[in-house]
Amino acid sequence: MITFDDFKKLDIRIGRILSAEKVEGTEKLLRLEIDLGTEQRQVVAGIAESYQPDQIVGKEIPLLVNLEPRKIRGIESQGMILAVDLEGNPVLLHPEREVPPGSLVR
């Protein structure tokens, strides 16, 4: 269990995927460029076995933006996308209707 104060520390915002490409030498990783309205972020996500890059460009997704950056396969990942885990496979989450990039998730 975490406290409500711990939960409030999470900065989750909606981002629009501008580009996506497979990470060379991997089967599971995609490198995403994500628009957050006031900035763009690069994120490495383990969704390549479930999504082709052209399937997700233009989609809006929730992104944890205040996660410490981490190098994955030599690429700096500047956040983490949120997805459902369905029997080990990711299913992306999307707002019910289009919202501006950078919108806060509460």
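Here, residue 1 is the first one in the sequence, and each next residue gets the next number.
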Thinking salt bridges, do Lys71 and Glu76 make one under a 4.0 Å N-O criterion?
no
Applying the 4.5 Å side-chain criterion to the ILVMFWY set and letting contacts propagate, would [X] and [Y] be lumped into a single cluster?
X	Y	value
Leu93	Val105	yes
Val84	Ile47	yes
Leu18	Tyr51	no
Leu82	Val65	yes
Ile14	Met80	yes

As an exercise, state the distance from [atom1] of [X] to [atom2] of [Y], rounded to the nearest 0.5 Å.
X	Y	atom1	atom2	answer
Ser103	Leu36	OG	CG	10.0 Å
Ile56	Leu32	CD1	CG	5.0 Å
Leu30	Ile17	CG	CD1	8.5 Å
Asp85	Glu87	CG	CD	9.0 Å

Which pair of heavy atoms, one from [X] and one from [Y], lies closest together, and at what distance?
X	Y	result
Ala48	Glu27	CB-O, 3.4 Å
Arg31	Val23	N-CG2, 3.8 Å
Leu29	Gly46	CD2-CA, 3.8 Å
Leu63	Gly79	CD1-C, 4.1 Å
Gly37	Asp35	N-OD1, 2.8 Å
Val44	Ser77	N-OG, 3.0 Å

Under the side-chain hydrogen bond (donor to acceptor under 3.5 Å, both in side chains) rule, collect the residues that match up with Arg41, sequence neighbours excluded.
Glu39
[Y] and [X], any side-chain heavy atoms less than 4.5 Å apart:
X	Y	result
Asp6	Thr3	yes
His94	Ile61	yes
Arg16	Glu98	yes
Ile34	Ile81	yes

May I ask you to decide if Val99's main-chain N or O and Glu60's side chain share a donor-acceptor pair within less than 3.5 Å?
yes
State whether the side chain of Asn66 and the backbone N or O of Asp11 hold a donor-acceptor pair below 3.5 Å, judged by distance alone.
yes
